[in-house]
Amino acid sequence: MSGAALGLEIVFVFFLALFLLHRYGDFKKQHRLVIIATLLAWYLCFLIVFILPLDVSTTIYNRCKLAVNSSPPESNGSYVTLAPSKQKCFKPWSYIPNGIMPIFWRVVYWTSQFLTWILLPFMQSYARSGGFSITGKIKTALIENAIYYGTYLLIFGAFLIYVAVNPNFNLQWNQLQTIGIAAANTWGLFLLVLLLGYGLVEIPRSHWNGAKRGYLLMKTYFKAAKLMTEKADAEENLEDIMEEVRKVNESIKYNHPLRKCVDTILKKCPTEYQERMGRNMDDYEDFDERQNSYPSEKSLVKLHKQVIYSVQRHRRTQVQWQILLEQAFYLEDVAKNETSASRQFVHTFQSPESENKIFQYFYTPTVEWYWECLLRPWFYRVLAVVLATFSVIVVWSECTFFSTKPVLSLFAVFIQLAEKTYNYIYIEMACFLTIFFLSICVYSTVFRIRVFNYYYLASHHQTDAYSLLFSGMLFCRLTPPLCLNFLGLTHMDATISHKNTQPTAYTSIMGSMRVLSFIADGFYIYYPMLVVILCIATYFSLGTRCLNLLGFQQFMGDSEMTSDLIDEGKELIRREKRKRQRQEEGESRRREWKERYGNREDSTRSRAVHTDQKESSFSETNANRPLSKYTRSNGRTERDRIELLQDAEPLDFNADSINDDPLESESGRYQPGGRYLSMSRSRIFDDV
């Protein structure tokens, strides 16, 4: 089993990252380089989280071997026995051979740092650029990142000059490398504590509120009102941008040098706008530079960027509106079915998607009623209590992990108890649950936060390339300090435990933080205590209240604005529900009409075909008559003959029934058979 656990986790984490990226990104429409870079960033960060428990168990085993080899044998009279620890020291099932983990961590860490500080910022600017060529996009990305890269180079250069001039410092390359790692981890830890303080409170509270059906329904109404405003704004913005595109399309003709740029912009527009603009093009007109003023290439680049942004935003709001409607309809169905005496879950609207037959077989309406109306609220409450317990343990450990005598960090206590018995499975499970919970609190906040319309991770393939790349940057910057914080909570970091023991392979890659003592002994220890203040602020929703005062509508139960938006969203959902009910009623009526009268139409069509065959045979027998030109041609297809017969059906009437006009009755234009008298051979000369 040596190395097998490492290989299995590498494969599992890859498919996990691929699944999440498929949920948020769009593999068909987004650029392949964006997908590959984001997948690599997410994959490396998730891989660090999953592999670190194996590193901890391997380190504990190596410490055990080192203690056994260094401990002398015990003498008891004439007998010599080995130390007791030698009998307990055995190799774990997930043991990773020496030399593999340092190389693995070095490759993973430096690759993630290269992504977050160099490649991903450049690709962000490249993805948002409106250039029409690769060279133009690269030029725009370099200009936008010049200040970004220049600031870091200036700080690093000033530091090198200071070290070179000051004779008290004699730094080597390894120490400079450690200082760079410490600077990156300091920035990441600063952001990590902010996100962690929000997630430790919001995740248990969201699951507790998930058991309240009324709360979820009111919040859905609130979201509907806000999303409708955003949807209307996106539609209006798209109309304005498309109007500018139309003017540019009409002014720049087919032989203009910038016509290729306009065609590129048109390809990014929605299909209905492309068809509308294509009908109004006059390609036969030549352009004249002396008479008309044409837009520059720079203005077209700006317009191209606006088109990409507006189309993406419009499509995202449309998809989110449909998803929110389905969620609101389902919550209303749950509220109605809670009082059902039959205990059968009844849906107002059937799902248009074809569900799995096996899932439908087991998840019957009765099972669905028991789960949605009875079991699910209690499950969410129990889960919220468990998550709240974990949050309390994390907050306590963050405030006390620097204490080594006595050990106050609960995570360190659990690991040390398991280390005494060398229960590696328990060690790995405890480490995995701890770091997994910390990762959920931090990463879920990254998925939830929204910076206006510049950064927003939207599910169902609606996240743009800029937001995907930005999330990859955040993950790569947050994961290394998260792992160091976890090792500090469990006292596996020698900087925290103050023990001269073998460090983990991950800590050895980071280097000794003693180079910067004010960071190792000050910032890394006391700054995580700030999580207590952040948790209190999140519990009382201070951030939400501040945003509400600034004019950003937030869901607050005691706000008048929230009540107005809930009423507005409720009316919007009711309107959409009536519209969908009318559509389904119309479809059901058409279906019933087709089932009821479909056989009659088929029989009528067969009789028409039979009659046409008789007429065609009659016309063949009288082919040599003088008036044969009035008969139907034998070369018509069967479908044309049926259509002609159906068109002739209104002429099969009686003369008595329509003989209201005396002029027509006296002129003798019609005969009782429904045929024109002028086309009858026997009475062709009656007018003479």
Side-chain angles (χ1 to χ4, degrees), residues 1 4-6 8-9 12-13 16 45-65 67 85 88-96 101 105 192 196 199-200 203-204 382-404 406-444 479-497 499 501-507 528 531:
M1 294 295 293
L6 178 63
L8 291 176
E9 290 196 358
F12 172 76
V13 172
L16 176 62
C45 295
F46 297 162
L47 194 62
I48 294 175
V49 173
F50 277 81
I51 300 299
L52 193 59
L54 302 183
D55 190 8
V56 172
S57 63
T58 302
T59 302
I60 292 176
Y61 172 70
N62 292 332
R63 290 178 181 178
C64 175
K65 289 197 305 180
S85 59
K88 300 179 183 179
C89 186
F90 60 92
K91 184 181 295 186
W93 71 278
S94 59
Y95 175 75
I96 300 174
M101 290 306 299
W105 288 130
L192 173 69
L196 185 63
L200 288 174
I203 290 179
V382 173
L383 183 60
V385 171
V386 174
L387 294 174
T389 305
F390 267 96
S391 297
V392 172
I393 294 175
V394 170
V395 173
W396 171 261
S397 300
E398 291 286 356
C399 297
T400 59
F401 73 93
F402 60 88
S403 177
T404 56
V407 179
L408 298 179
S409 175
L410 297 180
F411 295 115
V413 172
F414 298 154
I415 298 301
Q416 289 179 5
L417 289 176
E419 186 177 358
K420 293 179 180 179
T421 59
Y422 296 99
N423 190 349
Y424 295 107
I425 296 179
Y426 174 80
I427 292 173
E428 292 176 2
M429 290 300 298
C431 292
F432 176 75
L433 291 177
T434 303
I435 194 171
F436 183 74
F437 180 73
L438 294 174
S439 304
I440 290 296
C441 293
V442 175
Y443 293 161
S444 64
T479 304
L482 174 66
C483 295
L484 286 179
N485 183 255
F486 161 74
L487 294 176
L489 293 177
T490 56
H491 288 186
M492 294 298 297
D493 189 356
T495 306
I496 304 299
S497 62
K499 294 181 180 179
T501 56
Q502 181 180 0
T504 60
Y506 187 82
T507 309
V531 73

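Quick note: numbers below take in every heavy atom, side chains included, and nothing from hydrogens, waters or symmetry partners.
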Would a 4.5 Å heavy-atom cut-off, applied to side chains only, mark [X] and [Y] as touching?
X: L484; Y: P480; value: no
X: T58; Y: M101; value: no
X: V56; Y: Y506; value: no

- For S403 and T400, does a side-chain donor sit closer than 3.5 Å to a side-chain acceptor? no
Looking at every non-hydrogen atom in both residues, tell me the closest pair between [X] and [Y] and how far apart they are.
X: L410; Y: S397; result: N-OG, 3.4 Å
X: G488; Y: F401; result: O-CD1, 3.7 Å
X: T404; Y: I496; result: CG2-O, 3.4 Å
X: Y443; Y: T479; result: OH-OG1, 2.7 Å
X: G199; Y: P204; result: O-CD, 3.9 Å
X: T504; Y: D55; result: CB-OD2, 3.8 Å

Just verifying a value: how many Å separate [X] [atom1] and [Y] [atom2], rounded to the nearest 0.5 Å?
X: I60; Y: Y422; atom1: CD1; atom2: OH; result: 9.0 Å
X: M492; Y: I427; atom1: CE; atom2: CD1; result: 8.0 Å
X: L196; Y: I440; atom1: CG; atom2: CD1; result: 12.5 Å

- Item | Sequence-distant partners of I425, side-chain contact (heavy atoms from CB on, under 4.5 Å), two or more places apart |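 Result, side-chain contact (heavy atoms from CB on, under 4.5 Å) vs I425: W93, N423, M429.
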- Message: Under the criterion side chain to side chain contact (heavy atoms under 4.5 Å, CB included), I'd like the reasoning laid out for F50 against F432: C-alpha separation, chi angles, the key distance, then a yes or no.
- Response: CA-CA 7 Å; F50 277 81; F432 176 75; 3.5 Å; yes
- Note on the structure: Which of Y424, Y95, Y426 passes side-chain contact (heavy atoms from CB on, under 4.5 Å) with S57? Answer is Y424
Donor-acceptor under 3.5 Å ([X] side chain, [Y] main chain):
X: T490; Y: L487; answer: yes
X: N485; Y: P481; answer: no
X: R63; Y: Q502; answer: yes
X: T507; Y: P503; answer: no
X: S391; Y: L200; answer: yes
X: W396; Y: L408; answer: yes

- Where do L489 and E398 land on the side chain to side chain contact (heavy atoms under 4.5 Å, CB included) test, with the steps shown first? CA-CA 7 Å; L489 293 177; E398 291 286 356; 3.7 Å; yes
- Query: side chain to side chain contact (heavy atoms under 4.5 Å, CB included) between I415 and H491: does it pass, once the steps are laid out?
  - Reply: CA-CA 9 Å; I415 298 301; H491 288 186; over 6 Å; no
- May I ask you to decide if the ring planes of F437 and F390 are parallel, tilted or perpendicular, using 30° and 60° as cut-offs? tilted
